Amino acid sequence: IRDDAREAVLAGLAAIQDERPAAVATLIDGEDAGAKLYVEAGRSIGRALAATAGGSGVVDRAARARLLPAQIDIALAAGDLETAGTAVEELESIATDFQRPVFEAGALTGRGELLLGEDRASEASPILGRSWRLWQETDLPYESARARLRYAEALAAEGDEATARRDLKAARGVFER
């Protein structure tokens, strides 16, 4: 990523810093104390997912669909692409089975974030663009803005700084409300 594009994305992330719980912020920012939090957060989400494991019922799968994005975020923050990939695949399976916009948008966001984590921005950007647009159809503005922020990150990594800045500014506007 070019330095000015990286700075724009980091400025956007800094602008929403107050919107995230401190523990999550520490995880994402990668501070030394964050290493311990990665482990604790991973265990915590693992326990929550284990409580819903084994059930094939609608309630269990819907509960897992709400938890899997957190597992993806935690795994990516810890650099655990394998765990993130497994969670993305499960989320995509749930989205396929339920065929609900919120599950599909979540699966697309997870896939796009995983691709970003794998340094595959050119593959991530169209997926994140679709996820952001699909989130817009829901009544979940934070998730929409979060997907748009990731879309901006992918665009910046591709060198499209003007569009990245535009989308970053729009996402920031939602977080500041």
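No hydrogens, no waters, no symmetry mates; every other heavy atom, side chains included, goes into these values. Quick caveat: nothing in here was measured; it's all calculated off a predicted structure.
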K.L.:
To the nearest 0.5 Å, tell me how far Leu91 CG sits from Arg66 CZ.
P.N.:
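One finds 12.0 Å between CG of Leu91 and CZ of Arg66.
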K.L.:
So Pro69 and Glu113, do their side chains get closer than 4.5 Å, heavy atoms only?
P.N.:
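Of all side-chain heavy-atom pairs linking Pro69 with Glu113, none is under 4.5 Å.
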K.L.:
Is there a continuous path of hydrophobic side-chain contacts, each under 4.5 Å between heavy atoms, that joins Leu116 to Ile72?
P.N.:
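Different clusters: Leu116 never reaches Ile72 through Ile, Leu, Val, Met, Phe, Trp or Tyr contacts under 4.5 Å.
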K.L.:
Can you name the nearest heavy-atom pair linking Ala75 to Ala84, along with the distance?
P.N.:
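Minimum heavy-atom separation between Ala75 and Ala84: CB-N, 3.6 Å.
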K.L.:
Using the side-chain hydrogen bond (donor to acceptor under 3.5 Å, both in side chains) rule, collect all pairs that involve residues 83-92, keeping only residues at least two apart or in two chains.
P.N.:
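As it turns out, the side-chain hydrogen bond (donor to acceptor under 3.5 Å, both in side chains) pairs with a partner in residues 83-92, which skip direct neighbours, are Arg64-Glu90, Asp80-Thr83, Glu92-Arg111.
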K.L.:
Taking all heavy atoms of Val88 and all of Gly110, pick out the closest pair and write down the distance.
P.N.:
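Here Val88 and Gly110 meet closest at CG2-O, 3.5 Å.
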K.L.:
Do you know which two heavy atoms are closest between Ala164 and Ala156, and how far apart they sit?
P.N.:
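Shortest heavy-atom separation between Ala164 and Ala156 comes out as CB-N, 3.7 Å.
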K.L.:
Minimum heavy-atom separation for Ala87 and Leu68, please, with both atom names.
P.N.:
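Looking at all heavy atoms of both residues, the closest pair is CB-CD2, 3.9 Å.
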K.L.:
Taking all atoms of both residues into account, what is the closest heavy-atom pair of Leu49 and Thr52, and its distance?
P.N.:
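Nearest pair, atom of Leu49 first, then Thr52: O-OG1, 2.8 Å.
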K.L.:
Does one hydrophobic cluster hold both Leu67 and Leu76, with members joined at side-chain heavy-atom distances below 4.5 Å?
P.N.:
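Yes: a chain of side-chain contacts under 4.5 Å links Leu67 to Leu76.
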K.L.:
With a 4.5 Å heavy-atom cut-off, do Arg148 and Arg166 have their side chains touching?
P.N.:
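In contact.
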K.L.:
Hey, what do you get for CD (Glu161) to OG1 (Thr163), rounding to the nearest 0.5 Å?
P.N.:
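Between atom CD of Glu161 and atom OG1 of Thr163 there are 10.0 Å.
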K.L.:
Would Tyr142 end up clustered with Leu128 when hydrophobic side chains under 4.5 Å apart are linked, directly or stepwise?
P.N.:
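Cluster IDs for Tyr142 and Leu128 differ.
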K.L.:
Is it the case that the side chain of Ser144 and the backbone of Leu140 share a donor-acceptor pair, with hydrogens and angles ignored and the cut-off at 3.5 Å?
P.N.:
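Checking the backbone N and O of Leu140 against the side chain of Ser144, no donor-acceptor pair under 3.5 Å is found.
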K.L.:
Is any side-chain heavy atom of Glu104 less than 4.5 Å from a side-chain heavy atom of Pro101?
P.N.:
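They are not in contact (no side-chain heavy atoms under 4.5 Å apart), so the answer is no.
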K.L.:
Using 0.5 Å steps for rounding, measure from the CG atom of Asp167 to the CZ atom of Arg172.
P.N.:
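Spacing of CG (Asp167) from CZ (Arg172) equals 12.5 Å.
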K.L.:
Can you list every pair that meets ring-ring contact (aromatic ring centres under 6.0 Å, His included) and has a residue in residues 106-139, with sequence neighbours left out?
P.N.:
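Sorted pair list: Trp132-Tyr151.
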K.L.:
Suppose the criterion is salt bridge (Lys or Arg N to Asp or Glu O under 4.0 Å): which pairs have a residue in residues 129-142, not counting sequence neighbours?
P.N.:
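Every pair satisfying salt bridge (Lys or Arg N to Asp or Glu O under 4.0 Å) with a residue in residues 129-142: there are none.
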K.L.:
Which heavy-atom pair separates Gly85 from Leu114 by the least distance, and what is that distance?
P.N.:
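The pair with the smallest heavy-atom distance is CA-CD2, 3.6 Å.
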K.L.:
Any chance you could pull the hydrophobic cluster mates of Leu108, using side-chain heavy atoms under 4.5 angstrom and chaining through other members?
P.N.:
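Joined to Leu108, directly or through intermediates: Leu115, Ile127, Leu134.
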K.L.:
Keeping to residues at least two apart or across chains, list the ring-ring contact (aromatic ring centres under 6.0 Å, His included) pairs with something in residues 100-125.
P.N.:
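Pairs touching residues 100-125 that pass the test: Phe98-Phe103.
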K.L.:
Check step by step if side-chain contact (heavy atoms from CB on, under 4.5 Å) holds for Arg146 and Asp73.
P.N.:
CA-CA 12 Å; Arg146 186 172 173 269; Asp73 288 346; 2.4 Å; yes
K.L.:
Please identify each residue that fulfils salt bridge (charged side-chain N to carboxylate O under 4.0 Å, His left out) with Glu143, with sequence neighbours left out.
P.N.:
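None.
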K.L.:
Enter the distance from Glu118:CD to Leu81:CG here, rounded to the nearest 0.5 Å.
P.N.:
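One finds 5.5 Å between CD of Glu118 and CG of Leu81.
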K.L.:
Report the distance from atom OG of Ser44 to atom CD1 of Ile74, rounding to the nearest 0.5 Å.
P.N.:
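If I round to the nearest 0.5 Å, the distance is 7.0 Å.
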